[in-house]
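See below for the structure under consideration.
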Amino acid sequence: MPKPHPVILRGLVKQYEVFRARESERSSQETRRQLEDLSYTLCVSTGTRTVEAALAFAARQLDTDLAETAHGRPLPVSLQLAN
């Protein structure tokens with residue numbers, strides 16, 4: 001499975017967090033629909049079945065991408081799995 005681009009993944013997570021906050025502040029049918037759409041998109045983008053798994057995957061992937069960017073090269077697999 002191709003991995004999602006970090007910018008796209010970060011944007012999806014941020015949008016999910018925004019709509020999750022809106023849903024807890026003032027629930028509406030439109031907000032719930034948008035939250036469901038974002039949850040689905042996160043799951044499809046990360047190859048997971050639940051939004052919790054998608055967010056966990058996104059966190060790991062974004063941490064790995066950040067580390068690779070900081071070091072200018074991919075980290076060894078043993079270091080990527082240590083998180």
Side-chain angles (χ1 to χ4, degrees):
M1 180 183 106
K3 73 177 188 174
H5 191 279
V7 173
I8 301 296
L9 189 56
R10 192 173 296 111
L12 287 171
V13 170
K14 186 173 180 91
Q15 286 179 352
Y16 177 83
E17 291 170 348
V18 166
F19 280 99
R20 185 80 173 144
R22 283 185 193 165
E23 175 67 15
S24 66
E25 291 172 1
R26 56 185 189 285
S27 183
S28 72
Q29 187 173 358
E30 180 64 18
T31 303
R32 280 190 300 277
R33 187 192 61 76
Q34 289 173 323
L35 190 59
E36 288 173 7
D37 287 349
L38 281 166
S39 298
Y40 175 80
T41 303
L42 271 168
C43 289
V44 169
S45 298
T46 58
T48 59
R49 293 180 183 229
T50 66
V51 73
E52 293 81 10
L55 292 170
F57 176 93
R60 286 190 308 273
Q61 188 64 50
L62 293 171
D63 284 348
T64 299
D65 290 334
L66 181 63
E68 289 175 1
T69 300
H71 295 339
R73 62 189 187 294
L75 292 174
V77 172
S78 61
L79 291 177
Q80 290 180 9
L81 298 177
N83 293 334

Discussion item. Grouping I, L, V, M, F, W and Y whenever their side-chain heavy atoms are under 4.5 Å apart, do Ile8 and Val44 come out in a common cluster?
Written reply: no

Worksheet entry | Closest non-hydrogen atom pair between Val51 and Ser39, with its separation | CG2-OG, 3.9 Å

Worksheet item: Does Arg22 make a cation-pi contact with Phe19, if we ask for NZ or CZ under 6.0 Å from the ring centre and within 45° of the axis?
Response: yes

What is the distance from atom [atom1] of [X] to atom [atom2] of [Y], rounded to the nearest 0.5 Å?
{"X": "Leu12", "Y": "Ser45", "atom1": "CG", "atom2": "OG", "value": "5.0 Å"}
{"X": "Arg10", "Y": "His5", "atom1": "CZ", "atom2": "NE2", "value": "9.0 Å"}
{"X": "Leu62", "Y": "Phe57", "atom1": "CG", "atom2": "CZ", "value": "9.0 Å"}
{"X": "Glu17", "Y": "Leu38", "atom1": "CD", "atom2": "CG", "value": "11.0 Å"}

Worksheet entry | Residue of the set Thr50, Thr48, Asp37, Leu55 for which side chain to side chain contact (heavy atoms under 4.5 Å, CB included) holds with Leu42 | Leu55

Fill in: Sequence-distant partners of Glu23, side chain to side chain contact (heavy atoms under 4.5 Å, CB included), two or more places apart
Ser27, Thr31, Arg32, Leu35

Practice prompt. Give a yes or no on this: more than 12 heavy atoms of other residues, nucleotides or ligands lie within 6.0 Å of atom CD of Glu30.
Written response: yes

